[in-house]
Amino acid sequence: MIEIRHLSKWYGPTQVLDDCSTHVAKGEVVVVCGPSGSGKSTLIKCVNGLEGFQQGELVVDGVSLGDAKTDLTRLRARVGMVFQHFELFPHMSVLKNLMLAQIKVLGRNPDEAATRGLALLERVGLKAHAEKFPAQLSGGQQQRVAIARALAMDPVCLLFDEPTSALDPEMIGEVLDVMVELAAEGMTMMCVTHEMGFARKVAKRVVFMDHGHIVEEAPAMQFFEAPQSERAQAFLSKILHH
Amino acid sequence: MNYNWNWGIFLDQVKGGDETYLDWLATGLGWTVAVSLTAWLMALLLGIAIGTLRTLPSRPLATFGAAWVELFRNLPLLVQMFLWFFVVPELLPKDWGLWVKRDMPAKEFITAAVCLGLFTSSRVAEQVRSGIQSLPRGQMHAALAMGFTLPQAYRHVLLPQALRRVIPPLTSEFMNVFKNSSVAFAIGVMELTFQARQMQEDSEQGIETYVAVTILYFLCAIIANRGMAVIEARSRIPGLIGGSH
Ligand SMILES: Nc1ncnc2c1ncn2[C@@H]1O[C@H](COP(=O)(O)OP(=O)(O)OP(=O)(O)O)[C@@H](O)[C@H]1O
Ligand SMILES: [Mg+2]
């Protein structure tokens, strides 16, 4: 589903991704972790073309992103993304947030979009809040809405960039529950997260990044039980202490 | 002071005509409002477009927007008024220039409204630009990530938020339009300031004249201010204090 081959990216003179290769097969969950500034967000934003890259190859669902002829808009409509700071549209109701792209991008009619939107809100346990505005919800609720909004587009895969790191600890669980459920249903997911419990439970593999490199990639159990690189060991000992 | 107060002057007939001075002021107010509202409408449409251009990734478009703003913001309004009235028609192709000078209907009004509209558009554009730039970058990312085109992202996500944020500074721009419209008298638009000068000379009751004109300008500003306040209240986003983050 997602093939990343020898990807390199520079911001001006500074290299932020250095020869990164990995893949996510259909129905797989891959967790990306690593210290701050290691390039995790940059990598995941390359996957739906929010960031460009200079070298390498990136193919998502058969579409090559390096190709100048690729219709990025079309691809993005099929790849869902969930952000650290939710990024719900604050000027429209929760339901409108779920309907807008269905109508404007997929061309669904408003009734259809509303039905689909309400069904997804029900699924994340927020149907009662459909007419509220994002700022009237808690962080955990907003992130669940954001997940529902991504699902409303019937994506072929979902990208998560630290979906729980802006949340108060007591709200992390409700968001992870939704993500675990999605994984169980076979959703293809690439998740930047430091939630190691989540990674253990659902991740097929863990990708560990540092300074723009993919330093280590291993099946989740192996990564946690016996990390190979020193940097991964140091990183794990730090986050597992918290 | 030997001033002959006459507050009844407004109902007197003007010299050599059958209108009253009140009629003159009413006509003036009418032109002031017409010039101001036309200019404001233009300024809003152009200002939103130019302000948007300035935030685009495209270099040429952003440069065009910047040039527009600097051009119209940095010349005195009165000079711009004269340029549009006296100089621009000379620069047009000969036939057009002649038509503008001789046959264009409501020539003074159109020139004044266009000039004030362009001048104000540069100021609106700056507000709109800063409004867009004040939004979290993630909003644009979220919009694009859902498959919106860049124009759709602006139309549905960025501009509705940015415009709400800049209602307070736009309110003062709207009030400024009414004040700045007085410059139109210099090219012969029979707006409030023009009528005031005429009434003062004709009636020799300068104080009453300018007290009345002051009140009328003041009313325009208040109504503009209240109108924008209503829009601000109506567009307020539930859950956000003061309508922004
Ligand atoms: N627009 C940009 N221009 C220049 N450098 C950038 C830009 N965005 C990110 N960087 C740099 O690229 C590197 C990788 O950033 P990135 O955001 O991908 O890291 P990250 O692993 O997601 O970190 P975090 O855990 O803090 O989110 C950092 O050194 C950052 O300073
Ligand atoms: Mg990041």
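Owing to the predicted nature of the structure, the values given are computational and were not obtained by experimental measurement. Naming convention: chains lettered A, B, ... in sequence-line order (proteins, then strands); numbering from 1 in each chain.
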Are more than 12 heavy atoms from other residues, nucleotides or ligands located less than 6.0 Å from atom CZ of B:Arg155?
no
Within a radius of less than 6.0 Å around CH2 of A:Trp10, do more than 12 heavy atoms belonging to other residues, nucleotides or ligands occur?
yes
NZ/A:Lys96: more than 12 non-hydrogen atoms of other groups inside 6.0 Å
no
Between A:Glu87 and B:Pro136, what is the shortest heavy-atom contact and its length?
OE1-CB, 4.5 Å
Rounded to the nearest 0.5 Å, how far apart are CZ of A:Arg74 and OG1 of B:Thr149?
14.0 Å
Would you mind reporting whether A:Leu100 and B:His156 have side-chain heavy atoms less than 4.5 Å apart?
yes
What verdict does the side chain to side chain contact (heavy atoms under 4.5 Å, CB included) test give for B:Met146 and A:Val105, after you've listed the backbone C-alpha separation in whole Å, the side-chain angles of each residue and the deciding distance to 0.1 Å?
CA-CA 8 Å; B:Met146 299 168 79; A:Val105 177; 5.6 Å; no
Check A:Pro90 against B:Leu240 and note the closest heavy-atom contact, atom names and distance.
CB-CD1, 4.2 Å
Could you check whether any side-chain heavy atom of B:Phe148 comes within less than 4.5 Å of a side-chain heavy atom of A:Thr73, counting everything from C-beta outward?
no
Which distance, rounded to the nearest 0.5 Å, do you find between the CD1 of B:Ile237 and the CZ of A:Phe89?
12.5 Å
Counting C-beta onward and ignoring hydrogens, is there a side-chain heavy-atom pair between B:Arg164 and A:His91 closer than 4.5 Å?
yes
Which bit of A:Phe83 comes within less than 4.5 Å of chain B, counting heavy atoms only: side chain, backbone, both or neither?
side chain
Please state whether the side chain, the backbone, both or neither of A:His85 comes within less than 4.5 Å of a heavy atom of chain B.
neither
Checking A:Asn97 against chain B: side chain, backbone, both or neither under 4.5 Å from a heavy atom?
backbone
Which residue out of A:Arg78, A:Arg149, A:Lys132 racks up the most heavy-atom pairs below 4.5 Å with chain B?
A:Arg149
Heavy-atom pairs under 4.5 Å with chain A are the metric here; pick the option from B:Ala142, B:Ala145, B:Pro238 that has the most.
B:Pro238
Determine whether more than 12 heavy atoms belonging to other residues, nucleotides or ligands lie under 6.0 Å from atom CZ of B:Arg123.
no
Contact origin within A:Leu88 toward chain B - heavy atom pairs under 4.5 Å:
backbone
Relative to chain B, which of A:Met92, A:Met153, A:Lys104 shows the most heavy atom pairs under 4.5 Å?
A:Lys104
Looking at A:His211, I want to see if its NE2 is surrounded by more than 12 non-hydrogen atoms of other residues, nucleotides or ligands under 6.0 Å.
no
Go through the structure and list residues passing side chain to side chain contact (heavy atoms under 4.5 Å, CB included) with A:Gln84, not counting sequence neighbours.
A:Glu162, A:Ser165, A:Ala166
Listed by number, the residues in residues 41-68 of chain A that come under 4.5 Å of chain B (heavy atom to heavy atom) are A:Lys45, A:Asn48, A:Leu50
Side chains of A:Met81 and B:His141, heavy atoms from C-beta outward: is any pair under 4.5 Å?
no
Does B:Trp68 CH2 have over 12 foreign heavy atoms under 6.0 Å away?
yes
